Amino acid sequence: MYLLLLIQCALLSWYLPSLLHKRMRRVITEYPPSDFPLLYPKEEHEYHTFHAKFLLMNRIMFVVGIAVVIGLMVWGINVMQEHWMMLPWGMFMVQMIPIMVVEASEFNHLKALREKNKSPIRVAGMQSRGIKDLVAPGLFIGWIASFVGAIVVVAWTDNFEFAFLGDAFSTVLIVVVMNILGYLYLRWLLSGKRLDPYQDPEDKLRYSKAVTKSLMFLSIAVSVFMAVTRVLDVNEAQYLQPVLMTFYCQIIAYGSITTTLKGVKLEDINFDVYRQSSQGY
Amino acid sequence: MLQIMVDIDSDVPLFTQLTDQIKSAIASDTLLPGAKLPSIRQLANDLDLNNKTVAKAYRLLERDAVIQSKGYRGTFVHPDAKQNCGQDINDWISAEVQKLVGVLREGGATDSEIRIAFTNAMNK
């Protein structure tokens with residue numbers, strides 16, 4: 001278990017942030033503000049500072065995380081108990097803070113792009129971006145099946161009784177709420193307000209595919225995790241829950257970040273729309 | 001992928017820019033019969049337009065049998081879109097009105113009488 005927690009520290013506070021940092025650095029190096037001014041509404045040094053702070057925050061998280069795990073080992077605390085289930089989750093929540101900051105700053109960045117865009121020309125692709133248009137049928141069916149399957153499995157553990165606010169009821173409620181929130185967020189991303197005013201429609205489609213795939217995996221992971229947790233609970237195997245939790249945290253972080261990064265490769269993005277001479281989209 | 005471009009400063013109404021471009025894409029086989037089109041909400045948000053503008057364009061295209069709505073499944077290019085998008089309803093209206101005005105003048109009606117009659121008919 002200690003090893004799994006160390007791996008979680010390395011993955012979430014070192015490896016994945018390094019991937020993101022490398023990508024941010026590549027963008028500003030290969031597509032500098034001098035050539036692509038429309039991509040950078042703020043001063044160049046602000047981006048460099050932000051990248052450095054992001055890396056520093058993650059390195060600090062990594063050191064603190066490793067220190068906590070070593071501390072638990074030294075004090076001989078047995079983390080293979082049900083009430084330690086929240087330790088990997090707590091670590092996960094803290095470790096994700098820098099990535100959440102990046103997400104939030106991305107929305108601010110896009111808002112600044114929209115405010116600076118004065119072009120009267122607007123372009124859109126004539127390709128439908130419904131959920132079923134963007135992912136393989138197998139993944140879509142898997143998403144529905146995992147959602148329904150999780151509810152059936154949880155109901156089965158409660159002999160299909162579903163006592164109001166009982167464990168099974170709460171678990172199903174979480175599965176339903178998480179899937180609905182995921183679906184609404186996806187719908188907003190796919191057909192909501194245009195975030196990047198310059199983005200090439202082809203890039204928008206590619207990004208939509210990557211995000212849809214990523215969110216589908218995430219929803220499947222939530223459903224499977226909740227069902228398995230419930231099964232462990234009724235079979236008195238709660239000691240496995242911390243292990244399951246750290247696996248879950250690592251899978252959702254790795255899956256969502258790498259799916260998006262691989263789905264939208266820098267080489268495929270049309271950066272010419274961010275040149276000064278661009279007519280603007 | 002077909003791209004639609006609108007100029008919000010243009011004198012041409014936005015819905016006309018949309019219908020014209022969709023029709024010309026169908027005429028040039030860039031959009032084929034049966035192709036699924038974006039939803040009204042998606043296209044309106046992508047172009048930063050009001051939903052009603054896109055809805056009006058889609059409604060006019062549907063009236064001309066250039067596109068067809070299939071409920072929750074979405075909107076598609078009509079199977080006979082290529083033939084239908086060649087027909088301009090405005091040309092047809094002009095021709096029919098010209099014919100009728102000619103008949104009324106031959107019958108001795110003055111232009112002001114014809115105008116009043118048209119206005120009354122349109123207001124009914």
Side-chain angles (χ1 to χ4, degrees), chain A residues 38 107 110-135 137 140 144 183-209 211-212 264 268-270 272-273 278-281, chain B residues 1-15 17-51 53-55 57-58 61 66-77 81 85:
Chain A
L38 299 179
F107 280 108
L110 294 172
K111 190 180 172 194
L113 285 185
R114 289 198 298 275
E115 284 169 356
K116 283 209 165 184
N117 177 32
K118 303 291 179 209
S119 169
I121 305 293
R122 290 155 187 188
V123 176
M126 285 300 284
Q127 179 133 3
S128 170
R129 291 196 305 269
I131 294 176
K132 282 192 279 185
D133 303 320
L134 299 176
V135 292
F140 186 78
I144 302 289
Y183 174 75
L184 293 176
Y185 178 62
L186 196 53
R187 276 208 60 178
W188 176 75
L189 272 180
L190 297 181
S191 55
K193 189 177 177 181
R194 184 175 186 154
L195 297 175
D196 182 344
Y198 305 105
Q199 191 176 37
D200 188 305
E202 294 273 4
D203 292 336
K204 169 89 181 175
L205 185 66
R206 211 174 287 120
Y207 173 76
S208 300
K209 279 182 183 172
V211 173
T212 306
V264 190
D268 297 334
I269 297 174
N270 177 12
D272 288 337
V273 297
S278 164
Q279 60 185 334
Y281 278 173
Chain B
M1 186 206 305
L2 169 67
Q3 296 185 0
I4 291 278
M5 185 185 289
V6 295
D7 181 351
I8 54 168
D9 287 348
S10 167
D11 293 333
V12 180
L14 293 166
F15 70 88
Q17 293 184 43
L18 288 175
T19 53
D20 286 352
Q21 287 182 62
I22 292 172
K23 281 182 178 177
S24 75
I26 289 167
S28 64
D29 289 330
T30 314
L31 262 182
L32 296 172
K36 192 176 181 187
L37 297 175
S39 66
I40 290 172
R41 186 164 168 257
Q42 178 192 318
L43 191 56
N45 279 320
D46 282 358
L47 293 169
D48 206 6
L49 299 177
N50 194 309
N51 281 358
T53 307
V54 178
Y58 272 26
L61 290 168
V66 173
I67 64 172
Q68 58 183 166
S69 174
K70 292 185 180 174
Y72 71 92
R73 280 184 288 165
T75 308
F76 299 82
V77 176
C85 71

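All values derive from a computational prediction rather than experimental measurement.
- For A:Arg122 and B:Asp7, the salt-bridge test fails: no basic side-chain N is under 4.0 Å from an acidic carboxylate O.
- For the options B:Asp9, B:Leu49, B:Leu47, B:Thr75, heavy-atom pairs under 4.5 Å to chain A are most numerous at B:Leu47.
- With sequence neighbours excluded, no residue forms a ring-ring contact (aromatic ring centres under 6.0 Å, His included) with A:Tyr183.
- Between chain A and the residues B:Asp48, B:Ile8, B:Ile22, the largest count of heavy-atom pairs under 4.5 Å involves B:Ile8.
- The shortest non-hydrogen separation linking A:Pro201 to B:Met1 is O-CE, 3.6 Å.
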Please assess A:Asp200 against B:Gln3 for the test side-chain contact (heavy atoms from CB on, under 4.5 Å), listing each intermediate value before the final yes or no.
-> CA-CA 10 Å; A:Asp200 188 305; B:Gln3 296 185 0; 3.6 Å; yes

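- Within the 4.5 angstrom heavy-atom criterion, no atom of A:Lys132 approaches chain B.
- Note that CG of B:Asp46 is 9.0 Å distant from OG of A:Ser191, once rounded to the nearest 0.5 Å.
- The stretch residues 33-40 of chain B places B:Lys36, B:Leu37, B:Pro38 near chain A, each with some heavy atom under 4.5 Å from a heavy atom of that chain.
- Two residues are said to be in side-chain contact when any heavy atoms from C-beta on lie closer than 4.5 Å; A:Met126 and B:Thr30 fail this criterion.
- In this structure, chain B has heavy atoms under 4.5 Å from both the backbone and the side chain of A:Arg187.
- A donor-acceptor pair is defined here as one N or O able to donate and one able to accept, closer than 3.5 Å; no such pair exists between the side chain of B:Asn45 and the backbone of A:Arg194.
- Heavy atoms of A:Leu205 lying under 4.5 Å from chain B belong exclusively to its side chain.
- At distances below 3.5 Å, at least one donor-acceptor pair connects side-chain atoms of B:Gln42 with backbone N or O atoms of A:Gln127.
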